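Below is one structure, written out as structure tokens, with a few remarks after it.
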Amino acid sequence: MLSRYSVSSDSARVKWWRKKSREGTLPPILVWFVTGLASFVILDGHERLQAALLENIPPRFLVLSQLGNRVYSPNEDNRSRVLNSLAIQQQKCKNNISAIDAINNTLIKLYDTRYFFPITFSRVLLGDGSIWEDEVRNYLLHHRQEKHLKNILCRER
């Protein structure tokens, strides 16, 4: 996805973040996993990402996501086939520690009936943004943080 605006490599903010990146104090980039896109979307940190890339330093990411948990019933025929295969493999690799670890991991997964999946809730608000402003204003009033309203509405820190 294209960002709202391009990040100039020569901007003062990118230069500042490059310095912080070299110092090892670059804050993480905030991303959100959107299941409909099967991708991560950068919410905050476009300049930090650009700076890290220019410095060839791997950036850190802070991922916003929600996991759902479902329990499923395993297929007993498949389970018994896997168990037979593991028994054969165990006989062949009795003294190989890494093979035993792999067998143990397969057994754990074989009997774990939980399935985790990412959930993303999002909605588009069309119009001039007044509905969004009302929601933000009500939220801040509810949490007694109305002093931040002007900065949020002006998209300032």
Side-chain angles (χ1 to χ4, degrees), residues 1-76 78-79 82 97-157:
M1 284 180 47
L2 296 174
S3 65
R4 269 186 332 146
Y5 55 90
S6 63
V7 176
S8 171
S9 301
D10 298 328
S11 75
R13 289 180 62 96
V14 171
K15 289 178 183 177
W16 169 256
W17 289 124
R18 286 183 77 170
K19 177 183 174 193
K20 290 298 178 184
S21 184
R22 287 189 301 269
E23 293 172 354
T25 58
L26 188 69
I29 290 105
L30 180 64
V31 295
W32 182 32
F33 184 77
V34 179
T35 54
L37 300 173
S39 326
F40 293 95
V41 175
I42 299 173
L43 298 179
D44 182 52
H46 294 83
E47 289 92 357
R48 294 192 302 274
L49 179 61
Q50 182 71 28
L53 293 173
L54 290 171
E55 292 297 321
N56 290 323
I57 296 173
R60 293 178 302 135
F61 294 94
L62 181 61
V63 179
L64 291 177
S65 64
Q66 180 179 354
L67 285 179
N69 185 5
R70 291 192 183 147
V71 177
Y72 64 92
S73 301
N75 183 327
E76 290 302 324
N78 289 342
R79 185 181 274 177
V82 171
I97 299 296
S98 61
I100 293 171
D101 286 343
I103 291 170
N104 285 337
N105 285 333
T106 302
L107 283 169
I108 289 168
K109 292 175 186 172
L110 190 61
Y111 287 95
D112 187 5
T113 58
R114 296 171 299 165
Y115 171 70
F116 293 103
F117 59 97
I119 301 170
T120 303
F121 297 102
S122 63
R123 61 179 186 252
V124 176
L125 297 176
L126 300 176
D128 60 359
S130 60
I131 296 172
W132 175 79
E133 290 178 7
D134 290 340
E135 287 180 3
V136 170
R137 182 177 291 106
N138 292 335
Y139 177 85
L140 292 175
L141 288 172
H142 178 74
H143 293 283
R144 300 174 196 249
Q145 296 292 320
E146 53 275 316
K147 62 185 176 190
H148 300 292
L149 180 63
K150 182 179 179 237
N151 289 344
I152 291 172
L153 295 180
C154 293
R155 278 39 169 209
E156 298 175 354
R157 289 189 177 232

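Nothing here was measured: the structure is a model prediction, and the numbers come from that model.
Atom CH2 in W17 sits 8.0 Å away from atom OG1 in T25 (nearest 0.5 Å). For the atom pair K147 NZ and I152 CD1, the distance stands at 11.5 Å (nearest 0.5 Å).
Paired with S21 under the rule side chain to side chain contact (heavy atoms under 4.5 Å, CB included), one option of L26, L54, V14, L53 passes, and it is L26.
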Between side-chain atoms of residues 97-113 and protein atoms elsewhere (two or more places apart, or another chain), which donor-acceptor pairs fall under 3.5 Å?
from, atom 1, to, atom 2, distance (Å)
S98, OG, N96, OD1, 2.8
N104, ND2, I100, O, 3.4
N105, ND2, D101, O, 3.4
T106, OG1, A102, O, 2.9
D112, OD1, R114, N, 3.3
D112, OD1, R114, NE, 2.9
D112, OD2, R114, NH2, 3.1

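For F40, the side chain to side chain contact (heavy atoms under 4.5 Å, CB included) criterion is met by V31, F33, V63, not counting sequence neighbours.
Taking every heavy atom of both residues into account, L49 and P59 meet most closely at CD1-CG, 3.8 Å. Counting all heavy atoms, side chain and backbone alike, D10 lies closest to K15 at O-CE, 3.3 Å. H148 and L140 make their closest contact through C-CD1, 4.2 Å (heavy atoms, listed as atom of the first residue, atom of the second, distance). Between P74 and R79, the shortest heavy-atom distance links the atoms CG-NH2, 3.0 Å.
Under the 4.5 Å side-chain criterion, counting only non-hydrogen atoms from C-beta, R137 is in contact with L153.
Under a cut-off of 6.0 angstrom, the local environment of OH in Y139 is sparse, with at most 12 non-hydrogen atoms contributed by other residues, nucleotides or ligands. Within 6.0 Å of the NE2 atom in H142, the count of heavy atoms belonging to other residues, nucleotides or ligands does not exceed 12.
Among pairs with a residue in residues 50-60, those fulfilling side chain to side chain donor-acceptor pair (under 3.5 Å) read S9-Q50, R18-E55, R22-E55, at least two apart in sequence or across chains.
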